[in-house]
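Dropping a structure here in structure tokens format, bear with me for questions.
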Amino acid sequence: MTSEFDLIARHFTRPTRHTVLGVGDDCAIVQPSARHALVVTTDMLVAGTHFLPDTDAERLGWKTAAVNISDLAAMGAQPRWITLALSLPAVDEHWIAALARGFAECSEAYGVDWIGGDTTRGPLNLCATAFGEVEVGGAIRRSGAHAGDDIWVSGWPGLAALGLRHLLDGTPLDADWRDTCVEALERPQPRVALGLALRGVARAMLDVSDGLAGDLAHILERSACGAVLDEAALPLAHAQAACGDAALAQRCVLAGGDDYELLFCAAPDRRDAITAISKQLDLPLSRIGTCVAPPGLQLRQRDGAIVALPPRGFDHFA
Ligand code: ADP
Ligand code: MG
């Protein structure tokens with residue numbers, strides 16, 4: 001019989017790089033850098049709600065770390081530490097080893113030390129807490145957008161939603177795109193380097209987890225302004241190539257969820273700086289709209305007509 005302590009020793013104890021005390025005591029000890037604030041986030045993944053119960057364990061471990069690291073990226077923070085609390089129905093050590101491998105791999109890829117957690121029996125549930133650092137006063141919040149700001153999004157939102165539809169109900173995907181979409185869903189790449197590069201450039205930001213339009217509405221609400229998105233500027237090309245259906249591609253880009261791209265607002269005089277960041281990181285950044293004074297979210301269609309856009313984000317309690 002494998003004890004909780006064996007599991008912790010074998011799978012959850014990893015070397016650390018910038019931690020005073022890691023796994024093994026009652027608490028971990030970390031030392032934030034001088035003049036930096038600690039930035040903290042928690043995200044829980046519940047089987048059946050946030051992932052399909054038969055998801056590959058290694059990818060599930062990766063995603064559990066990635067979604068937390070993405071929240072730190074969205075503040076412009078440098079990710080530093082992470083903990084993992086998990087409840088498991090039974091001890092399948094092969095599965096646990098794969099989960100731990102994926103979680104550690106993602107953490108290491110972003111320079112994050114895995115410093116503790118909790119392990120208990122129960123329905124499959126994974127909860128990570130990630131800690132990052134940002135210079136005091138330097139975090140990029142949701143509340144800083146102004147009327148007249150440009151609205152930008154990174155990468156190719158919509159692919160993860162297509163991957164999910166493909167797995168759930170067999171939505172057909174182009175053979176060349178299938179793996180890309182499923183990877184976008186199961187192995188998201190948090191935009192840490194972009195978040196760091198946007199410090200002092202973007203003045204409002206979040207990571208897109210519940211759909212671009214719905215998440216943008218959070219920025220608008222916090223910033224007390226509205227927005228007009230430009231249909232012709234949406235980064236639709238990849239989603240459209242993947243599913244071959246323009247309407248579905250647009251729905252997935254605007255309201256798909258699980259993208260973990262960064263959505264941010266910046267003054268128009270920052271366009272050159274943002275273009276340079278895009279080049280330097282080799283990451284497409286699309287300028288998709290403008291913040292406006294009247295509240296609400298609208299879409300300027302290709303024919304020039306402006307229509308109201310229901311946010312349609314994902315809300316677990318709606
Ligand atoms: P306590 O009884 O004091 O809560 P535990 O027995 O739960 O301690 O944990 C012992 C050590 O193992 C602690 O350092 C804890 O952070 C670590 N630990 C437990 N579960 C995990 C996990 N899933 N990942 C990383 N560390 C873990
Ligand atoms: Mg204790």
Side-chain angles (χ1 to χ4, degrees), residues 1-33 36-73 75 77-133 185-190 192 207 209 258 260:
M1 204 34 221
T2 315
S3 80
E4 171 194 335
F5 304 103
D6 294 334
L7 289 178
I8 294 168
R10 269 208 287 274
H11 303 296
F12 303 147
T13 308
R14 304 275 165 160
T16 56
R17 285 179 275 187
H18 43 255
T19 297
V20 182
L21 183 64
V23 167
D25 213 311
D26 294 307
C27 294
I29 305 176
V30 301
Q31 177 66 59
S33 312
H36 282 65
L38 207 50
V39 184
V40 183
T41 181
T42 294
D43 248 314
M44 183 152 68
L45 279 78
V46 177
T49 303
H50 300 97
F51 60 91
L52 306 172
D54 62 352
T55 301
D56 173 73
E58 192 165 340
R59 288 193 166 195
L60 187 55
W62 174 285
K63 185 162 179 174
T64 305
V67 301
N68 281 275
I69 292 169
S70 175
D71 279 322
L72 296 177
M75 304 297 289
Q78 174 72 57
R80 299 277 278 166
W81 301 283
I82 197 163
T83 62
L84 174 65
L86 71 159
S87 77
L88 297 163
V91 175
D92 170 349
E93 208 169 330
H94 192 69
W95 192 93
I96 291 170
L99 179 89
R101 218 164 37 239
F103 190 84
E105 195 199 336
C106 181
S107 302
E108 280 159 26
Y110 291 93
V112 174
D113 282 353
W114 183 1
I115 57 167
D118 196 24
T119 308
T120 148
R121 192 178 289 264
L124 180 56
N125 187 333
L126 305 161
C127 182
T129 300
F131 305 79
E133 294 184 298
L185 175 70
E186 296 184 342
R187 223 169 171 285
Q189 310 288 319
V192 170
D207 65 324
S209 52
D258 263 333
Y260 303 103

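Counting starts at 1 for both ligands and their atoms, in listed order.
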**OP:** Look up atom CD in Glu105 and atom OH in Tyr110, then write down how far apart they are to the nearest 0.5 Å.
**Re:** 10.0 Å

Original post:
Is there a nitrogen or oxygen of Gly24 sitting under 3.5 Å from a nitrogen or oxygen of ligand 1?
Top reply: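 Between Gly24 and ligand 1, an N or O pair is found under 3.5 Å apart.
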
Subject >> Atom indices of ligand 1, in the order listed, that fall short of 4.0 Å to a heavy atom of Trp114 >> reply: 24 (N), 25 (C)

**OP:** Return yes if some donor-acceptor pair links the side-chain N/O of Asp6 with the main-chain N/O of Ser3 below 3.5 Å, else return no.
**Re:**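 Answer holds: yes.
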
Original post:
With a cut-off of 4.0 Å, which atoms of ligand 1 are near a heavy atom of Leu86?
Top reply: 23 (N)

Original post:
Any N or O of Gly22 that comes nearer than 3.5 Å to an N or O of ligand 1?
Top reply: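 Between Gly22 and ligand 1 (N or O atoms, distance only) the closest approach is not under 3.5 Å.
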
**OP:** Work out which heavy atom in Phe12 is nearest to a heavy atom in Val23; give both atom names and the distance.
**Re:**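 In this case the closest contact between Phe12 and Val23 is O-CG2, 3.6 Å.
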
Original post:
Going by atom types alone, do Thr42 and Thr129 pair a side-chain donor with an acceptor below 3.5 Å?
Top reply: yes

Subject >> For Thr119, the ligand 1 atoms whose distance to one of its heavy atoms is below 4.0 Å >> reply: 19 (C), 20 (N), 21 (C), 22 (C), 23 (N)

**OP:** Taking only heavy atoms of Gly116 into account, list the atoms of ligand 1 that are under 4.0 Å away from them.
**Re:**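 Result: 16 (O), 24 (N), 25 (C), 26 (N), 27 (C).
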
Original post:
Do Glu186 and Trp62 have side-chain heavy atoms sitting under 4.5 Å apart?
Top reply: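 Heavy-atom side-chain distance check fails, nothing below 4.5 Å.
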
Original post:
In Å, rounded to the nearest 0.5 Å, how long is the span from OG1 of Thr49 to CE of Met44?
Top reply: 9.0 Å

Subject >> Within-cut-off N or O pair, Ile115 and ligand 1, under 3.5 Å >> reply: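 So ligand 1 has no N or O lying under 3.5 Å from an N or O of Ile115.
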
Original post:
Which atoms of ligand 1 are found less than 4.0 Å from any heavy atom of Glu4?
Top reply: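 That gives atoms 6 (O), 7 (O) of ligand 1.
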
Original post:
Any salt bridge (charged side-chain N to carboxylate O under 4.0 Å, His left out) pairs touching residues 11-23, not counting sequence neighbours?
Top reply: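 Not a single pair qualifies under salt bridge (charged side-chain N to carboxylate O under 4.0 Å, His left out).
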
Original post:
Quick one: which ligand 1 atoms are inside 4.0 Å of a heavy atom on Phe5?
Top reply: 6 (O)

**OP:** Select one of side chain, backbone, both or neither to describe which atoms of Val23 lie under 4.0 Å from any atom of ligand 1, heavy atoms only.
**Re:**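 Both backbone and side chain of Val23 come within 4.0 Å of ligand 1.
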
Subject >> Trp114: which of Trp81, Phe103, Phe131 passes ring-ring contact (aromatic ring centres under 6.0 Å, His included) >> reply: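 That would be Phe103; it is the only one of Trp81, Phe103, Phe131 passing the ring-ring contact (aromatic ring centres under 6.0 Å, His included) with Trp114.
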
Subject >> Best match, Leu7, Thr83, Leu84: closest heavy atom to atom 23 (N) of ligand 1 >> reply: Leu84

**OP:** List every atom of ligand 1 that sits less than 4.0 Å from any heavy atom of Asp25, numbering the atoms from 1 in the order shown and giving each element.
**Re:** 13 (C), 14 (O)

**OP:** Side-chain contact test, heavy atoms from C-beta onward, threshold under 4.5 Å: evaluate it for Val192 versus Leu72 and give yes or no.
**Re:**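 Val192 does not reach Leu72 side chain to side chain.
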
**OP:** Please identify which atoms of ligand 1 are closer than 4.0 Å to at least one heavy atom of Asp26.
**Re:**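 The atoms of ligand 1 under 4.0 Å from a heavy atom of Asp26 are 3 (O).
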
